[in-house]
Amino acid sequence: MDKKQVADILSEIGTLLEVKGENPFKCRAYHAGARIVTSLTQDLSVLVTSGEIRNIKGIGDALSEKITELVTTGKLEYYEKLKSSVPPGVLQMLSIGGIGPAKVRVLSTTLKIATLDELEKACKEGKIRSVEGFGKKTEENILAGLSALKTYSARHLISSAEPVAKTMAAFVAKLKGVSRVEIAGSLRRRAETIGDIDILAVAKESEAAAVMQSFTSHPDVERITAHGATKSSVILLSGISCDLRIVNELEFPFALNYFTGSKEHNVRLRSLAREAGYSLNEYGFSKIESQEKRGASKQAFRCKDEEDIYRMLGLAYVPPELREDCGEFEKAQEKKLPQLVTEQDIKGTFHCHTTHSDGAHSLSEMANAARTLGWQYLGIADHSISASYANGMTEQRLKKQQKEIDLLNQNWSNFRILKGVEVDILADGSLDFSDDVLAGCDYVVASVHSSFKMTEQQMTERIVQAISNRNVTMLGHLSGRLLLQRESYPLNQEQVVDAAAKCGTIIEINAHPTRLELNWRMCRYAKEKGVRVAINPDAHTMNGLKDVRFGVGIARKGWLTRQDVLNSMTLKEVQQFLVRRKKERE
DNA sequence: GCCGTTTTCGGCCCGACTGTTTTCAGTCG
């Protein structure tokens, strides 16, 4: 059992104990244990075998025993017992916004509600409001939450779907007779959330049946929903559905294009083909008058890759991220698609947390990870004092951190840690650190972390007020909320971008996949207004640094080029830029 | 359940907000 699996179980134990009304500090100890296990840099099984696990801060006798049992036997009796005492539906209720462990406990004990369906029924019958501590409003909120849950539960964050997809694709690639495998669909388009995983493979016809058989009997498959000669669908243990389609070599480019989508892009592409006298489907081009059916031999002409398909229609190759029918066809016709920012263009980042606030890794660990990624700089922006839940720093602690950064920076000639901070934008638009302290930073990220339920106008004014502060360099993530299940806070994005243009503020694309606040439309508006963008992972861990790639995907949807993105500047350029910007505003 | 220059018990992060009830518990970040 690996770290992630162990951490997931510890965390679930914490949640189960919460629902059962256990001592909150005991619950927290399990959740903390899960975080600690996740952020371990050493091999968990080695720590267990040597007994070192017990010496890690936050892991005491009880947790080390449970971790040991999990790692050595793959099971935990305590967990199994605990889990069987709480119906699964009761845990699901926790995903409804505004419903926490205490409310769930009351509902399951007084009204004996054990499933989401029963909960919905009880709400509709007005039974919830009769329970002490509950009222009409709570009932309405639960119903709204249930409806949001239904909308979003069918979709998965790219961060959780991608590793699953890669595992399955790698498995298929190794099967006999398979010569080529690609992940298609919204995953290839790097959408923030995906509905299902689409895997496309080229296989010998004689081996296709065996490939399908192996695919549907993979150990991660929970249920088979379709099993055919060219297409099979399964539901994986992770709850994500996964399709495998097999085509031949000649069909592959067409199938890849078709299954990558988006639907809107495909419709437009097919209509362009039609104008040219061809019908386009997942198997190839065919002459309209003949209306040939499927079959490689019926292809009007061959295309060796997707580029050929676009070329046939007089278009430049459109990268998957841009396939939304949002202007890419016009640009592709004029051969004026922008040179988009790529992962390789990233020279560093600006919004990372460390153990100085709520990060999981130390300054030097983060810096080393950034160096391994080949970056020239790493911007550290730990939380300020108001973010007390995130161990926000006092002004004194920030100064101490800056001294530590100075010391570390002596180690390198071709790499720099930049001194930033993430200050809170308070409800009145003021910042929670003094101007003196902020002026001492290389740059300042300002973010909203509280009072989310303002009106759109109030929230917009609050943020505009904050970015007018001459010390603010960058506007941090524009929502502290999860992408799934929750609404972003109300905001007039155009007004904020307009204000940023006036103040010279950089807009952060928060690349952490659960906090995708700036959608690509806003990216695009920022570009129109000449507002510079920074792609930031909001990374709390070394692994999180890699999340910058999600931001790259979103940036590409916003048609951003290297020139628009702060992270693509070299260290020297960034330093000059930050100094120049400070002078301009003083 | 974990921790300890306040060390074997007592404290563990906290402020804002909401919905409830009318002073507070629960939720969230």
Side-chain angles (χ1 to χ4, degrees), chain A residues 9-11 13-37 53-67 76 78-79 82 93-107 123 128-145 353 356-358 382-394 397 422-428 432 447-455 458-459 462 476-483 485-490 510 512 514-515 517 538 540:
Chain A
I9 290 178
L10 291 181
S11 176
I13 291 174
T15 307
L16 286 163
L17 292 173
E18 276 168 2
V19 170
K20 298 195 76 141
E22 258 287 0
N23 174 355
F25 298 105
K26 181 173 169 177
C27 307
R28 191 186 299 174
Y30 278 95
H31 287 298
R35 278 196 305 278
I36 291 163
V37 168
I53 188 80
R54 176 62 186 84
N55 299 332
I56 292 168
K57 192 167 180 285
I59 308 287
D61 289 334
L63 263 80
S64 65
E65 272 174 31
K66 291 183 174 77
I67 293 168
L76 179 61
Y78 172 77
Y79 166 65
L82 189 65
M93 288 180 212
L94 292 174
S95 12
I96 299 167
I99 300 294
K103 285 206 165 76
V104 163
R105 187 167 62 250
V106 171
L107 290 176
C123 283
I128 303 288
R129 68 184 76 175
S130 64
V131 181
E132 197 187 336
F134 288 73
K136 190 163 167 274
K137 190 79 195 171
T138 309
E139 211 167 70
E140 287 166 11
N141 286 344
I142 293 176
L143 279 173
H353 296 222
H356 281 270
S357 67
D358 60 348
D382 268 307
H383 281 292
S384 58
I385 184 76
S386 302
S388 53
Y389 58 87
N391 186 28
M393 301 179 296
T394 57
R397 277 169 57 201
E422 181 182 16
V423 287
D424 263 44
I425 299 175
L426 304 176
D428 62 357
D432 63 341
S447 315
V448 169
H449 292 114
S450 61
S451 314
F452 291 110
K453 296 210 168 172
M454 291 182 157
T455 64
Q458 285 170 330
M459 186 62 88
R462 170 186 182 182
H477 50 75
L478 291 183
S479 149
R481 306 208 157 190
L482 296 178
L483 177 68
Q485 299 162 9
R486 305 271 194 281
E487 299 285 329
S488 322
Y489 56 72
N510 199 246
H512 191 287
T514 61
R515 292 186 185 174
E517 296 80 23
D538 189 1
H540 292 64

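Letters go in sequence order (proteins before strands), and every chain restarts at 1. Keep in mind the model is a prediction, meaning the values are calculated, not measured.
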| said: Contact list please: residues 16-26 of chain A against DNA chain B, heavy atoms, distance less than 4.0 Å, in numerical order. | reply: A/Asn23, A/Phe25, A/Lys26

| Which heavy-atom pair separates A/Val19 from A/Pro101 by the least distance, and what is that distance? | N-CB, 4.0 Å

| said: Taking B/dG11 as the reference, what is the distance to B/dT21 when you measure between their C1' atoms (whole Å, please)? | reply: 30 Å

| field | Test side chain to side chain contact (heavy atoms under 4.5 Å, CB included) applied to A/Asn391 and A/His356, step by step | value | CA-CA 8 Å; A/Asn391 186 28; A/His356 281 270; over 6 Å; no

| request: Can you tell me the distance, in whole Å, between the NE2 atom of A/His383 and the C1' atom of B/dC14? | output: 14 Å

| Mind checking what makes side chain to side chain donor-acceptor pair (under 3.5 Å) contact with A/Asp424, not counting sequence neighbours? | A/His449

| Given the C1' atoms of B/dT18 and B/dC12, what is the spacing between them in whole Å? | 26 Å

| note | Taken to the nearest whole Å, NZ/A/Lys136 to P/B/dT20 is 10 Å

| Pairwise C1' distance, B/dG15 and B/dT6 [rounded to whole Å] | 26 Å

| When you measure from the side chain of A/Pro101, which nucleotide among B/dT27, B/dC13, B/dC3 comes out closest? | B/dT27

| C1' gap between B/dT20 and B/dT27, integer Å | 13 Å

| So which nucleotide from B/dG1, B/dT27, B/dG19 ends up closest to the side chain of A/Lys137? | B/dG19

| said: Would you measure the distance from the C1' atom in B/dG1 across to the matching atom in B/dT8 and give it in whole Å? | reply: 14 Å

| field | Counter-base of B/dT8, judged by Watson-Crick or G-U geometry with both distances under 3.5 Å | value | none

| task | Can you figure out which of B/dG19, B/dG26, B/dG1 approaches the side chain of A/Lys103 most closely? | result | B/dG26

| message | Which residues pass the side chain to side chain donor-acceptor pair (under 3.5 Å) test with A/Arg462, not counting sequence neighbours? | response | A/Ser450

| task | Grab the CG-C1' distance between A/Asn391 and B/dC12 for me, whole Å please. | result | 14 Å

| Rounded distance (Å) that lies between atom C1' of B/dG1 and atom CZ of A/Arg54 | 11 Å

| note | Tightest non-hydrogen contact, residues A/Leu63 and A/Ala29, listed as CD2-O, 3.8 Å

| query | Among all residues two or more places apart in sequence or in another chain, which pass the salt bridge (charged side-chain N to carboxylate O under 4.0 Å, His left out) test with A/Asp428? | reply | none

| request: Take A/Arg105 and A/Val131, find for each the nucleotide of DNA chain B with the closest heavy atom, and name the residue whose nucleotide sits nearer the 5' end. | output: A/Val131

Side-chain donor-acceptor distances from residues 21-28 of chain A under 3.5 Å, at least two apart:
{"residue": "A/Glu22", "atom": "OE2", "partner": "A/Lys26", "partner atom": "NZ", "Å": "3.2"}
{"residue": "A/Asn23", "atom": "OD1", "partner": "A/Phe25", "partner atom": "N", "Å": "2.9"}

| Whole-Å distance separating the CG atom of A/Asp61 from the P atom of B/dT8 | 17 Å

| query | Reckon A/Ser386 has a side-chain N or O less than 4.0 Å from the OP1 or OP2 of B/dG15? | reply | no

| message | Just the rounded figure in Å: distance from C1' of B/dG15 to CG of A/Asp432. | response | 13 Å

| remark: A/Arg28 has its side chain closest, among B/dT20, B/dC12, B/dC2, to B/dC12

| said: Using the side chain to side chain donor-acceptor pair (under 3.5 Å) criterion, which residues pair with A/Lys103? Sequence neighbours excluded. | reply: none

| query | Given atom NE2 of A/His449 and atom C1' of B/dC17, what is their separation to the nearest angstrom? | reply | 17 Å

| task | Give the rounded distance in Å between these two atoms: CD1 of A/Ile385 and P of B/dG29. | result | 21 Å

